[in-house]
Amino acid sequence: MPELPEVEVTRRLIAPLLVGRRIAAITTTRPSYVFVTSPARLRSALPGRSIRALERLGKYLLLRLDDASTLVIHLGMTGQLFSSRARSPRLLSATARSSLAPEEQAAFEPDGHTHLILRMEGSGPDVYFRDVRKFGKLLWLAPGKGHPRLDRLGADALKIEGAGLHAATRKRRVPIKALLLDQAVMAGVGNIYADEALFIAGVRPGRRAARVTRREADALAQGIVRVLERSIETGGSSISDYVTPDGSDGGYQDERRVYGRTGEPCLECGAAIARRVVAQRSAHYCPVCQS
DNA sequence: TCTGTCTCCTGAGAGC
DNA sequence: TGCTCTCAGGAGACAG
């Protein structure tokens, strides 16, 4: 489930394959939930365009094109953006993996989940966007055009500070975890890193946002930046479908303190990690270390 | 305006 | 072995 670190790692690794190159042609699947902009519109807008820059805004990737238009990509839950030369079993379903001999399992050919193929001019690799659950988004913005999805985003989570976070919690009755997941408050935090940051700060995910003290907000802001930066350093979290653009796994899944560790001992106190639903998301926390 | 719920989607895994 | 059910979650739409 790509959050800010996974998107940032993707940006850093895929940029050299895209920036400065021209799109020769694109291939799309039929219209679906993935396409905010229709496949037909993408097919007319993208070929022939050079990519000037690849930027990140929260969990969104922005491909800046030479005609000042922008291709916006959101990876959703299971989105994968990778090189056509990438090799990873994570690029195959378990069914597909099981039907292949071990030495063949890393091979990948575009399948029905590969919604966009950017075929690039020159001898370099092409770039695939694949998304099994179709929660990802592909959106093309005409030159000079914005979009409400992007306009609503709050400050980048890597730049969040205690004062700003504390101000955002005032008079908010929602659980603090719901606030952290609100992309209008800060952009980039998802379920995994919200849980991890709350553990570092010693705050339970279900506590009302307005009851978080200034001191705790400072700790929470520091915790958010700390887990995001550490995850970027390790290549992100490969918990389900995420792979880096070259097909390798991230490393942060091995450093999780609470997320997905229900029933396992807390690394600080040994108590069993608990799980409950907060804001319709599973929240993992230590009932002793977090209050 | 704020908050909570529903919806979209599909593979994995549990249970029978 | 095969079928059915539940779960996972980002974010927009909608109701109260």
Side-chain angles (χ1 to χ4, degrees), chain A residues 1-8 10 29-37 56-61 72-81 88-100 105 108 111-116 129-139 146-154 157 167-196 205-211 228 236-243 253 256 258-263 275-284:
Chain A
M1 50 200 83
E3 302 180 28
L4 187 152
E6 291 75 34
V7 177
E8 177 61 19
T10 295
T29 50
R30 60 185 172 81
S32 77
Y33 202 64
V34 169
F35 294 100
V36 179
T37 301
R56 181 187 58 76
L57 196 57
K59 302 178 191 175
Y60 290 87
L61 285 171
V72 181
I73 301 174
H74 192 292
L75 299 178
M77 256 194 79
T78 53
Q80 299 166 319
L81 192 67
S88 169
R90 287 186 190 275
L91 298 174
L92 303 171
S93 68
T95 305
R97 282 197 294 272
S98 64
S99 66
L100 294 172
Q105 288 189 4
F108 175 77
D111 56 9
H113 302 305
T114 310
H115 303 291
L116 176 69
F129 172 70
R130 182 172 184 266
D131 185 6
V132 171
R133 294 186 196 172
K134 300 180 182 176
F135 279 13
K137 293 286 178 285
L138 293 169
L139 164 66
H147 194 277
R149 288 175 188 262
L150 305 180
D151 296 341
R152 280 197 294 267
L153 293 177
T169 63
R170 297 299 81 193
K171 298 180 182 177
R172 294 294 303 270
R173 295 173 50 81
V174 293
I176 182 63
K177 175 158 178 175
L179 189 98
L180 298 184
L181 296 177
D182 185 347
Q183 301 301 295
V185 172
M186 92 181 101
V189 172
N191 207 33
I192 298 172
Y193 299 106
D195 279 0
E196 296 295 311
R207 199 198 303 179
R208 297 271 187 202
R211 300 193 65 180
L228 295 179
S237 298
S238 290
I239 291 176
S240 56
D241 300 78
Y242 172 72
V243 291
Q253 66 277 8
R256 286 171 293 143
V258 286
Y259 181 84
R261 297 190 62 243
T262 308
R275 173 189 174 278
R276 62 171 287 204
V277 175
V278 176
Q280 294 191 299
R281 299 286 179 270
S282 58
H284 309 78

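Atoms considered below: every heavy atom in the structure, side chains included; atoms not considered: hydrogens, waters and symmetry mates. Each chain gets a letter, A, B and so on, in the order its sequence line appears, and its residues count up from 1.
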- prompt: Taking for each residue the nucleotide of DNA chain B bearing the nearest heavy atom, is the 5' side occupied by A/H113 or by A/V174?
  reply: A/V174
task: Taking only the side-chain nitrogens and oxygens of A/K137, find out if one of them lies under 4.0 Å from OP1 or OP2 of C/dG10.
output: no
query: Once you round it to whole Å, what is the distance between P of C/dG9 and CD1 of A/I192?
result: 8 Å
- request: Using atom CD of A/E6 as one end and atom P of C/dG10 as the other, report the distance to the nearest whole Å.
  value: 11 Å
query: For C/dC7, does either OP1 or OP2 sit under 4.0 Å from a side-chain N or O belonging to A/S282?
result: no
query: To the nearest Å, how far apart are A/R208 CZ and B/dG4 C1'?
result: 11 Å
message: Check this for me: does the side-chain of A/Y33 come within 3.5 Å of the base of B/dC9 through a donor and an acceptor?
response: no
task: Indicate whether A/F135 forms a stack on C/dG9; treat it as stacked only if centroid distance is below 5.5 angstrom and interplanar angle below 30 degrees.
output: yes
query: Side-chain donor or acceptor of A/R133 under 3.5 Å from a matching atom on the base of C/dA8?
result: yes
- prompt: Rounding to a whole Å, what distance do you find between A/R152:CZ and B/dC2:P?
  reply: 14 Å
query: If you look at every strand shown and take non-hydrogen atoms under 4.0 Å, does A/R275 touch a base, only sugar-phosphate, or nothing?
result: sugar-phosphate
- prompt: Hey, what do you get for CG (A/L139) to CZ (A/F35), rounding to the nearest 0.5 Å?
  reply: 12.0 Å
statement: Rounded to whole Å, the CG-P distance (A/D195 to C/dG10) equals 10 Å
task: Measure the spacing between CD1 of A/I73 and CG of A/D131 and express it to the nearest 0.5 Å.
output: 11.0 Å
message: Please report the distance, rounded to the nearest Å, between CG in A/D151 and P in C/dA11.
response: 15 Å
- prompt: Atom CG of A/N191 to atom P of C/dC7: distance rounded to whole Å?
  reply: 15 Å
task: Respond yes when some side-chain nitrogen or oxygen of A/Q183 is under 4.0 Å from OP1 or OP2 of C/dA11, and no when none is.
output: yes
task: Kindly say if A/H74 contacts the phosphate of C/dG10, meaning a side-chain N or O under 4.0 Å from OP1 or OP2.
output: no
query: Given B/dG4, is OP1 or OP2 found less than 4.0 Å from the side-chain N or O atoms of A/R173?
result: no
message: I want to verify a distance call: between B/dC6, B/dG11, C/dG12, whose nearest atom is closest to the A/Q280 side chain?
response: B/dC6
query: Which of the following nucleotides, B/dC6, B/dG4, C/dG9, is nearest to the side chain of A/Y259?
result: C/dG9
task: Could you tell me the separation between the CG atom of A/L179 and the P atom of C/dA11, rounded to a whole number of Å?
output: 15 Å
- request: Sort out for me which residue in A/R275, A/R276, A/K177 forms a salt bridge (Lys or Arg N to Asp or Glu O under 4.0 Å) with A/D195.
  value: A/K177
query: Where does the angle between the aromatic ring planes of A/F129 and A/H115 fall among parallel (under 30°), tilted (30 to 60°) and perpendicular (over 60°)?
result: tilted
query: Considering only heavy atoms from C-beta outward, does the side chain of A/L181 approach that of A/R281 to under 4.5 Å?
result: yes
message: Take a 6.0 Å sphere around CZ of A/R170 and say whether it holds more than 12 heavy atoms from other residues, nucleotides or ligands.
response: yes
- request: Check whether the side chain of A/R281 and the base of C/dA11 form a donor-acceptor pair under 3.5 Å.
  value: yes
- request: Ignoring backbone atoms, test whether A/R172 places a side-chain nitrogen or oxygen under 4.0 Å from the OP1 or OP2 oxygen of B/dC2.
  value: no
message: Below the 4.0 Å mark, does C/dA11 have OP1 or OP2 next to a side-chain nitrogen or oxygen of A/K59?
response: yes
